[in-house]
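Just so it is clear, the values below take in all heavy atoms, side chains as well, and ignore hydrogens, waters and symmetry mates. Letters A, B, ... are given to chains in the order of the sequence lines, protein chains preceding strands, and every chain is numbered from 1. Computed from a predicted model, the values in this text were never measured in an experiment.
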There are 2 protein chains.
Amino acid sequence: MLQPDLSIVPQDCGVCPIRHRAVCARCDADELQILEEIKYYRSYEAGQTVIWAGDRMDFVGSVVSGIATLTQTMEDGRTQMVGLLLPSDFVGRPGRDGAAYNVMATSDLVMCCFRKKPFEKLMETTPHIAQRLLQMTLDELDAAREWMLVLGRKTAREKIASLMVIILRRDATLNLAQPRDRISFDLPLTREAMADYLGLTLETVSRQISALKRDKVIHLEGKRHVMVPDVGRLLEEAGDDSDGGMLS
Amino acid sequence: MLQPDLSIVPQDCGVCPIRHRAVCARCDADELQILEEIKYYRSYEAGQTVIWAGDRMDFVGSVVSGIATLTQTMEDGRTQMVGLLLPSDFVGRPGRDGAAYNVMATSDLVMCCFRKKPFEKLMETTPHIAQRLLQMTLDELDAAREWMLVLGRKTAREKIASLMVIILRRDATLNLAQPRDRISFDLPLTREAMADYLGLTLETVSRQISALKRDKVIHLEGKRHVMVPDVGRLLEEAGDDSDGGMLS
DNA sequence: CGGATTTTTGAACGTACTCAACGACCGTGG
DNA sequence: CCACGGTCGTTGAGTACGTTCAAAAATCCG
């Protein structure tokens with residue numbers, strides 16, 4: 001129960017749902033074949049720890065399905081989420097032995113793993129992989145920097161709205177197109193996880209979600225499902241000036 | 001006065017002070033020669049804006065000397081620093097036309113610029129450059145994530161101490177080795193810039209620096225020069241558990 | 001010196017935190 | 001079936017930390 005389930009039937013890269021978004025996105029058929037040889041699948045249950053910060057890490061890999069988080073913890077227990085990993089996101093750093101952060105499965109999670117040594121060697125001979133990894137890392141750096149603005153300068157209400165906008169955006173790019181207005185989505189995190197993401201307490205998160213509901217910015221169905229009657233309004237609440245983009 | 005000074009005598013890469021740390025670190029003599037052809041130097045005065053977020057950017061480059069900052073601004077003026085660029089750090093993103101952030105020269109600044117198009121083409125044919133850029137981007141991502149912990153979870157006092165630890169560390173790796181204790185350094189930022197970095201107001205920055213001085217954690221000479229009688233103590237104040245590392 | 005800029009310090013305020021209790025939901029077992 | 005415990009979420013009251021507004025002090029440079 002506490003061990004990852006290793007009895008997953010290996011899947012063909014050709015039918016992989018993240019084939020064209022993950023680190024292997026640019027690989028051609030030959031390159032995929034080499035990857036097939038060093039890859040294996042692992043699945044984790046919701047709540048399980050994938051790896052602890054500081055532990056030796058003998059693999060890197062991609063999230064195939066489910067959601068994982070990267071967190072950092074101080075001695076006294078204060079924790080800050082530093083990454084939210086959705087399908088196609090990459091985990092691990094080639095050229096480093098230990099994990100820098102805690103990686104936790106927030107939902108049931110399936111990962112496509114590559115043994116680290118062979119992967120590193122492959123990276124040297126296969127520019128397509130390194131190129132794609134650079135692109136993905138630059139995107140993550142941008143996301144981290146946007147998050148620094150949220151953490152450093154936004155109010156609690158703006159932080160909650162910003163989180164919802166981020167989830168909305170990632171849903172929009174990942175899934176199919178959504179109807180223009182009346183967009184809805186599921187919060188993939190508990191109140192506590194949201195608090196760790198936003199640098200707040202879970203009580204403040206709860207209060208601000210209630211406030212947004214009271215002010216008709218959002219509408220809740222159950223604890224997790226959010227309906228947004230007016231996306232523009234939510235963007236205003238988030239303090240994002242760029243109201244255009246993919247949601248117009 | 002407001003235009004960058006372009007009348008800099010081109011320098012030989014062989015004598016470049018950041019030769020072995022910048023994006024060109026892994027290049028061999030042949031590769032350097034190609035770089036020499038597309039590079040040029042630019043210098044900026046303290047306080048000048050190198051580029052505004054959203055503006056077209058026709059170059060990428062490295063900081064040769066001086067200090068630059070990356071900042072993000074909200075409509076109402078709240079600003080958050082998202083990057084502190086020291087010599088050898090890379091500016092710009094290959095494959096993107098517009099600047100994502102404001103880049104400002106905090107001190108007098110010299111940059112080694114590469115025209116973007118030729119640089120991008122060079123990256124495809126020269127694995128050494130892409131490899132080094134990936135490495136540097138991963139390092140920046142780590143730094144950004146460490147900063148997320150500072151912004152999200154640390155107190156004002158811890159934030160100030162953390163900033164000093166970061167400057168200390170970067171000084172230590174950049175410059176020569178320092179004496180074990182009694183380390184000293186210059187704050188490269190105004191109180192306001194520190195506030196933008198730390199997600200605080202400049203008044204709070206000033207108060208906390210005064211408090212650290214009153215408590216003998218630091219000793220000030222003038223406004224900018226800081227002496228640290230006990231580095232371990234400063235690390236404690238920063239909330240960093242890892243007291244070992246390069247400073248022991 | 002005079003004027004602008006940066007920094008320090010003070011007093012009052014407000015947002016988010018802390019501590020605490022309560023409520024909703026869910027699976028388990030009597 | 002309902003009582004029970006556990007997890008997750010909500011709400012309340014009081015507090016603390018950092019902000020805001022204001023003024024004075026220090027520094028820089030003409």
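For A:Ser210, whose side chain is taken as the heavy atoms from C-beta onward, the closest listed nucleotide among D:dG9, D:dT11, C:dT7 is D:dT11. The side chain of A:Thr155 has C:dA16 as its nearest neighbour among C:dA16, C:dA11, C:dT8. Counting only heavy atoms from C-beta on, B:Arg191 has its side chain closest to C:dT7 among C:dC17, D:dT10, C:dT7. Listed nucleotides: D:dT27, C:dT18, C:dG10. Nearest to the side chain of B:Lys223: D:dT27. Side-chain proximity of B:Leu202 to the nucleotides D:dG18, D:dT10, C:dT8 is greatest for C:dT8. When the nucleotides D:dG18, D:dA13, D:dT20 are ranked by their closest atom to the side chain of B:Arg207, D:dT20 comes out on top. Each of D:dG18, C:dC17, D:dT19 was ranked by its minimum atom distance to the side chain of A:Leu200; first place goes to C:dC17.
Distances shorter than 4.0 Å separate some side-chain N or O of A:Thr204 from OP1 or OP2 on C:dC17. Close to C:dT7, at under 4.0 Å from its OP1 or OP2, lies a side-chain N or O of B:Arg224. Distances shown here put every side-chain N or O of B:Thr201 at or beyond 4.0 Å from the OP1 or OP2 atom of D:dG18.
Salt-bridge annotation for B:Arg207 and B:Glu203: absent, with no side-chain N of the basic residue lying under 4.0 Å from a carboxylate O of the acidic one.
Separating the CG atom of A:Leu187 from the P atom of D:dG9 is a distance of 9 Å, rounded to the nearest angstrom. Here D:dT10 presents its P atom at 12 Å from CG of A:Leu212, a figure rounded to the nearest Å. Atom P of nucleotide D:dT20 and atom CD of B:Glu203 are separated by 8 Å, given to the nearest angstrom. Atom CD1 of B:Ile209 is separated from atom P of C:dT6 by 15 Å (rounded to the nearest Å). Look at CD1 on A:Ile160: it is 12 Å from C1' on C:dA16, rounded to the nearest Å. Summarising the geometry, the separation between NE2 on A:His225 and C1' on D:dG9 is reported as 18 Å, rounded to the nearest angstrom. Straight-line distance from the NZ atom of B:Lys154 to the P atom of D:dG18: 14 Å, rounded to whole Å. A:Arg78 places its CZ atom 18 Å from the P atom of C:dA16, with the value rounded to the nearest Å.
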Stepwise, does the side chain to side chain contact (heavy atoms under 4.5 Å, CB included) test hold for A:Val228 with A:Arg233? CA-CA 9 Å; A:Val228 183; A:Arg233 175 80 193 284; over 6 Å; no

Evaluate the criterion side chain to side chain contact (heavy atoms under 4.5 Å, CB included) for residue pair A:Arg93 and B:Asp139; output intermediate values, then yes/no. CA-CA 10 Å; A:Arg93 171 166 177 171; B:Asp139 285 341; 3.0 Å; yes

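Across all strands shown, B:Gly47 has no heavy atoms under 4.0 Å from either base or sugar-phosphate atoms. Note on A:Gly222: nothing from the nucleic acid sits closer than 4.0 angstrom, heavy atoms only. A:Thr190 comes within 4.0 angstrom of sugar-phosphate atoms only, judged by non-hydrogen atoms across all strands, and of no base.
Judged by the 6.0 Å and 45° rule, B:Arg224 forms no cation-pi pair with B:Phe185.
With a 6.0 Å radius and a threshold of 12 heavy atoms from other residues, nucleotides or ligands, A:His219 has its NE2 atom at or below the threshold.
Considering A:Pro87, A:Ser88, A:Pro17 as possible partners of A:Val64, the one that fulfils the side-chain contact (heavy atoms from CB on, under 4.5 Å) test is A:Pro17.
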